[in-house]
Chemist: 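Quick one: structure below, then a few questions.
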Amino acid sequence: MTNTICITNCTLLTNVSAPLQKNAYLTVEGTRITEIGAMQHWQDSGTQTLIDAGGKLLMPGLINGHNHCAMTLFRGLADDLDLHTWLHDHIFPAEAAHISPDMVYWCTKLAAAEMILSGTTSVADGYFFSGRAAQALSDAGMRAVVAHGIIDFPVPSVPDPKKNIEAVQIFIDEWLDKTPRISPAVFAHAPYTCSPETLRKAKELADRTDVRFFTHIAESRAEQDIIIKPQGATPIRHLSELGILDQNCTCVHGVWLDEYDLEIFAASGAALVTCPQSNLKLASGIAPVQAMLDQVITVGLGTDGCASNNSLDMFREMDILAKIQKSASASATAMNAKDVLQCATSAGAAAIGLTDCGEIEVGKKADLILIDTATPRLSPFYNQNLLVYAASGSDVVTVIIDGKIVMHERQIRSFDLEEVYHQVGRFSDKLIAADRS
Ligand SMILES: [Zn+2]
């Protein structure tokens, strides 16, 4: 018998532009939304699970467009540093010493716990030992695009960089049709850590296997010099000349784009995921997101790995995105709350190649969150702008992904969080001991 859930007495936000519908109900059958309506028309037809929302807000789950989930082990290890120093002097050495298949599994699951508890239902991950990350996100009950990292130097998961493409091919073959919630993908780290040949091969692999291609691009001012000198082009023009920018490409960051870069980017159909807090913390700069929206570029929102944020709460991310765009353009009307919500929901889904989620509509995937608005910071709840400027991940009380309740009344149901703390503790103990020796 198909699993059915009915959420009654909710205030419904179907998409960012729709008016709030009070006293509504929503029915889920299997993995999809099958009915939406006003409570006066609701009839209980033997629903298996009935949730009386008691006026809480029901909205689409949030989409975290960029994360390195397993980096939960490195959160707080190195703060207050610029990108180059942070990455080369701290993160790359820590990764070389501490990454293992087991570490990736448990630390990714810890990230999943944080994301689920703050209303994220889908994530785009990019890291090493991607099979273990995919397994962790699958076991956690999340929807995920898991992109296998490619970089031109030895890493624990692929000690010989010449075998990069082969390793990703094996990962894609294993996960392509394994479970509908997990989509494998390719993540070429960046044009400054991947040669033109590696980038080209990685993109060819993504296109050939019909999976999404990701890369970090134009994150810091220093990257401009690193790329411009040998390639004679800005990072965006470099990717464009290699034939990489197209509708199957997601670029992450895009902080340092000039007007011509923006035109090329918009014409290519590529999507961008912006990570405002990571960019602010590493002093990388502020991406021209409002200008991208003006050029009708699809923009998603991501937290980046929590070691450079240091939070995976998308509500914090939305708030910061809106405010820094206003500040950077000296215009309070820039990056309005609805546009921000769009980046974190429907546009965010499109930016990472997900279809059928990010909006509430009959026939779409049942990826839903319930928010308690009966709190001092959300009362009175006039409109959805409060989700950007006042809400917090801790206001999320129930999370449904693919038609399954993975969190209810702030308790994760899909896995044992205590076990995750215990397992991650083993790795952090090792890290502390190594640091002291
Ligand atoms: Zn990143």
Side-chain angles (χ1 to χ4, degrees), residues 63-75 77-79 81-88 90-92 94-95 99 104 107-108 111 114-115 120 122-130 133 137 144-153 155 157 185-194 199 202 212-223 226-227 235 239 249-257 270-287 289 299-314 316-317 320-321 343 348 351-352:
I63 318 281
N64 187 340
H66 183 58
N67 198 347
H68 309 290
C69 291
M71 290 186 83
T72 47
L73 185 65
F74 307 127
R75 179 184 350 227
L77 191 68
D79 295 311
L81 299 164
D82 67 90
L83 175 66
H84 192 270
T85 313
W86 176 78
L87 206 52
H88 289 267
H90 298 270
I91 296 302
F92 286 157
E95 288 180 333
I99 290 181
V104 168
C107 295
T108 298
E114 185 181 356
M115 289 189 282
T120 293
S122 295
V123 62
D125 180 54
Y127 211 53
F128 308 107
F129 293 114
S130 299
L137 291 163
V145 179
V146 181
H148 195 301
I150 292 182
I151 200 160
D152 276 343
F153 55 77
V155 291
S157 55
V186 177
F187 205 122
H189 180 263
Y192 62 91
T193 49
C194 294
L199 288 168
R212 193 84 187 165
F213 174 86
F214 292 81
T215 186
H216 294 115
I217 188 83
E219 182 174 359
S220 69
R221 192 198 286 265
E223 181 182 331
I226 297 168
I227 300 298
L239 283 195
C249 175
T250 304
C251 290
V252 179
H253 296 306
V255 175
W256 294 90
L257 307 189
L272 188 121
V273 172
T274 186
C275 303
Q277 291 209 77
S278 174
N279 296 153
L280 287 176
K281 182 160 181 272
L282 296 166
S284 299
I286 296 172
V289 177
V299 178
L301 179 64
T303 56
D304 211 345
C306 69
S308 62
N309 187 312
N310 296 357
S311 163
L312 301 180
D313 182 345
M314 286 286 289
R316 279 174 52 141
E317 212 64 45
I320 289 274
L321 174 62
C343 294
I352 60 171

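Counting starts at 1 for both ligands and their atoms, in listed order.
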Chemist: Using atom types as modelled and distance alone, determine if a side-chain donor or acceptor of His68 lies under 3.5 Å from a backbone N or O of Gly126.
Modeler: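 At least one qualifying donor-acceptor pair exists.
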
Chemist: For the Zn ion (ligand 1), report each protein N, O or S atom nearer than 2.8 Å, sorted by chain and then by residue number.
Modeler: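 Metal shell, protein only: His66 NE2, His68 NE2, His216 NE2, Asp304 OD1.
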
Chemist: Which residue pairs pass the salt bridge (Lys or Arg N to Asp or Glu O under 4.0 Å) test with at least one member in residues 302-314, sequence neighbours excluded?
Modeler: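 Qualifying pairs: none.
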
Chemist: Identify, with sequence neighbours excluded, every residue that meets salt bridge (charged side-chain N to carboxylate O under 4.0 Å, His left out) alongside Glu114.
Modeler: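 Partners of Glu114 by the salt bridge (charged side-chain N to carboxylate O under 4.0 Å, His left out) criterion, ordered by chain and then number, come out as Arg75.
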
Chemist: Regarding Glu317 and Asn309, do their side chains bring together a donor and an acceptor under 3.5 Å, going by distance alone?
Modeler: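 Side-chain D/A pair, Glu317 to Asn309: present.
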
Chemist: Does Ala144 have any side-chain contact (heavy atoms from CB on, under 4.5 Å) partners at least two apart in sequence or in another chain, and if so, which?
Modeler: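 Ala144 satisfies side-chain contact (heavy atoms from CB on, under 4.5 Å) with Val123, Leu137, Val146, Ile182 only.
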
Chemist: How about Phe187 and His66: are their ring centres within less than 6.0 Å of each other?
Modeler: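 Judged by ring-centre distance (under 6.0 Å), Phe187 and His66 do meet the cut-off.
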
